[in-house]
Amino acid sequence: MSGLLVVVGTGIKALGHMTLDARAWLASADEVHYLTTDPITESAIRELQPAATSLTRFYEVGRARHDTYEAMTQTLLAGTRAGRTVCAAFYGHPGVFVYPSHDAIRRARAEGLRAIMEPGVSAEDCLFADLGLDPAVVGCAQYEATDFLVYGRRPDPSAALIVWQIGAVGDLAWNPGRTNADNVRVLVDALAVTYGHDHVVVVYEAATLPTCLPMILHLRLADLALAPLSTASTLFVPPRERRTPDAQMIARLGLDGRRFGLGSPP
Ligand SMILES: C[S@@+](CC[C@H](N)C(=O)[O-])C[C@H]1O[C@@H](n2cnc3c(N)ncnc32)[C@H](O)[C@@H]1O
């Protein structure tokens, strides 16, 4: 039988977010590799699979993240090519802002190997719960901070916006705890074009330990560079304005305009 690569997520909050699916794969795989951010999740994985190895060994301060990810992908592919069932566990959802998980699956499949991903609880899921945001109501766009700047993304001021990895904006290497305030100011300037410097935004960090509360810091966009940012910080930008419903479209869809705050149909 050819090898199988199974990528699972351990969630954001230790223990409580680890799904039964993830546990089952971690316990039954021939080999397990993991990338977690807290010791409780790490010991839970090692209880299920004592020989599990951490992928954090590939991180080196200043090393380009792309090189680190390539080393992780090669590790996951090696066991799969050898015919083993390899389980790779990443914190949060393993397919949300995680390059090596998607890359390893893509490359395994291209080589004719079997590869699947099980979903997990992401920081975005926690944000929806903690900030009371239902993306169905105003819509929600999300970008990685450096991508947002480099590709000149244009946010919709009537929708919610989530910006990931603000603590590492403009940094393609791994430098934990070294947020570049100048780069944060560049992000502020770019966002201010749409929202203005006085718009109130949220620096958000979901709780990672059971019974702990999230960190929810409201501040003016202009003050973002002064905020204590970490590798776990995510920026939430609430909408600045409401959209006006399109009366022609409402009519074309055969809908009642009163449902959208317009007058009754003729
Ligand atoms: C490499 S991504 C990993 C995301 C993860 N796979 C997920 O599903 O949430 C790292 C980014 O996720 C976000 N993040 C990670 N942990 C977080 C937390 N506890 N609270 C809020 N955002 C978090 C931050 O934007 C951080 O820079």
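Given the structure is predicted, the values throughout are model-derived calculations rather than measurements. Both counts, for ligands and for their atoms, begin at 1 and track the order of listing.
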Within a reach of under 6.0 Å around CZ of R243, are more than 12 heavy atoms found that belong to other residues, nucleotides or ligands? no
Which residue holds the protein heavy atom closest to [atom], what is that atom called, and what is the gap in Å?
atom                    : result
atom 22 (N) of ligand 1 : T234 OG1, 2.7 Å
atom 19 (N) of ligand 1 : A206 O, 3.2 Å
atom 5 (C) of ligand 1  : V96 O, 3.6 Å
atom 8 (O) of ligand 1  : H93 N, 2.8 Å
atom 9 (O) of ligand 1  : A123 N, 2.7 Å
atom 27 (O) of ligand 1 : T231 O, 2.9 Å

Would you check whether G92 has a nitrogen or oxygen atom less than 3.5 angstrom from a nitrogen or oxygen atom of ligand 1? no
Can you check whether A232 has an N/O within less than 3.5 Å of an N/O in ligand 1? yes
What's the shortest heavy-atom distance between [X] and [Y], and which atoms?
X    : Y    : result
Y195 : P238 : CE2-O, 3.9 Å
A227 : L219 : CB-CD1, 3.7 Å
H17  : I12  : ND1-N, 3.1 Å

Applying salt bridge (charged side-chain N to carboxylate O under 4.0 Å, His left out), run through R220 and D223 and close with a yes or a no. CA-CA 5 Å; R220 289 166 63 238; D223 296 332; 3.4 Å; yes
Would you say E205 and S233 are linked by a side-chain donor-acceptor pair, where the criterion is simply a distance under 3.5 Å? yes
Ligand 1 atoms in contact with [X] (distance to a heavy atom under 4.0 Å):
X    : answer
Y204 : 21 (C)
Q165 : 1 (C), 2 (S), 10 (C), 11 (C), 25 (O), 27 (O)
E205 : 20 (N), 21 (C)
S122 : 7 (C), 8 (O), 9 (O)
I12  : 9 (O), 19 (N)
V98  : 6 (N)

Measure the shortest side-chain to side-chain distance between R46 and Y34 over non-hydrogen atoms and say whether it is less than 4.5 angstrom. yes
Tell me, do H33 and L76 make a side-chain contact under 4.5 Å, heavy atoms counted? yes
Tell me whether the rings of Y69 and Y59 are parallel (<30°), tilted (30 to 60°) or perpendicular (>60°). perpendicular
For atom 10 (C) of ligand 1, the option (of Y91, F97, W164) bearing the nearest heavy atom: Y91
Kindly determine whether E70 and R107 satisfy salt bridge (charged side-chain N to carboxylate O under 4.0 Å, His left out), including the steps that lead there. CA-CA 11 Å; E70 178 61 21; R107 286 159 68 171; 2.9 Å; yes
Short version for A168: what comes under 4.0 Å of ligand 1, heavy atoms counted, is neither
How does T208 reach ligand 1, by side chain, by backbone, by both or by neither, if only non-hydrogen atoms under 4.0 Å count? side chain
So is S233 touching ligand 1 or not, going by heavy atoms under 4.0 Å? yes
Partner of L191 by side-chain contact (heavy atoms from CB on, under 4.5 Å), out of L149, L161, V186: L161
